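Shown next, in structure tokens, is the structure this report addresses.
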Amino acid sequence: MNATQLFLGVIFSSIGLGYFMYGKKQQRTVPLVCGIGLMVYSYFFDSNLAIIGIGCILSIIPYFLRA
């Protein structure tokens with residue numbers, strides 16, 4: 001793991017923490033699940049592009065799915 005991956009993990013994990021707290025407080029499933037996904041997924045990928053791509057996708061899913 002290099003410094004870029006660590007930095008990206010911190011950025012997307014903090015976004016995920018915000019989604020998680022919002023989803024838990026509002027009892028909304030989509031932000032809760034995306035928040036957990038954002039906090040965990042960076043441990044499983046080594047590519048910077050994969051971390052950025054998946055992080056961006058998981059970050060915008062709650063905007064489009066309002067369930």
Side-chain angles (χ1 to χ4, degrees):
M1 182 173 252
N2 61 23
T4 305
Q5 291 171 343
L6 184 65
F7 181 69
L8 290 171
V10 167
I11 295 287
F12 286 117
S13 292
S14 53
I15 294 169
L17 180 62
Y19 275 144
F20 176 77
M21 290 172 48
Y22 172 76
K24 187 175 178 183
K25 186 174 183 179
Q26 299 294 326
Q27 296 178 347
R28 306 201 65 191
T29 308
V30 175
L32 182 76
V33 171
C34 285
I36 292 171
L38 280 166
M39 289 188 283
V40 173
Y41 86 96
S42 64
Y43 292 108
F44 300 107
F45 294 97
D46 289 333
S47 169
N48 291 340
L49 290 176
I51 292 174
I52 292 170
I54 295 170
C56 289
I57 289 170
L58 284 174
S59 295
I60 63 171
I61 285 176
Y63 180 75
F64 291 110
L65 295 178
R66 305 233 183 218

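FYI, side chains are in, hydrogens and waters are out, and symmetry mates aren't considered; it's all heavy atoms of this structure. Being a predicted model, the structure only gives us computed values, none of them experimental.
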ask   = Just by distance, do the side chain of Tyr41 and the backbone of Ile51 share a donor-acceptor pair under 3.5 Å?
value = yes
Counterpart residues, side chain to side chain contact (heavy atoms under 4.5 Å, CB included), relative to [X] (two or more places apart):
X: Ser14; answer: none
X: Tyr22; answer: Gln26, Arg28, Pro31
X: Leu17; answer: Met21, Met39
X: Ile15; answer: Ile11, Phe12, Tyr19, Leu38, Ser59

query = Of the non-hydrogen atoms in Asn2 and Asn48, which two are nearest, and what is the gap between them?
reply = OD1-OD1, 4.2 Å
note = For Ser13 and Gly9, the nearest pair of non-hydrogen atoms, with its separation, is OG-O, 2.7 Å
task = Starting from Tyr63, walk the hydrophobic network (Ile, Leu, Val, Met, Phe, Trp, Tyr; side-chain heavy atoms closer than 4.5 Å) and list everyone else you reach, by chain and number.
result = Ile60, Phe64
Transitive ILVMFWY cluster of Val33, excluding itself - 4.5 Å side-chain cut-off = none
Can you tell me how far the [atom1] atom of [X] sits from the [atom2] atom of [Y], to the nearest 0.5 Å?
X: Leu58; Y: Ile54; atom1: CG; atom2: CD1; result: 7.5 Å
X: Lys24; Y: Ile36; atom1: NZ; atom2: CD1; result: 9.5 Å
X: Cys34; Y: Ile57; atom1: SG; atom2: CD1; result: 11.0 Å

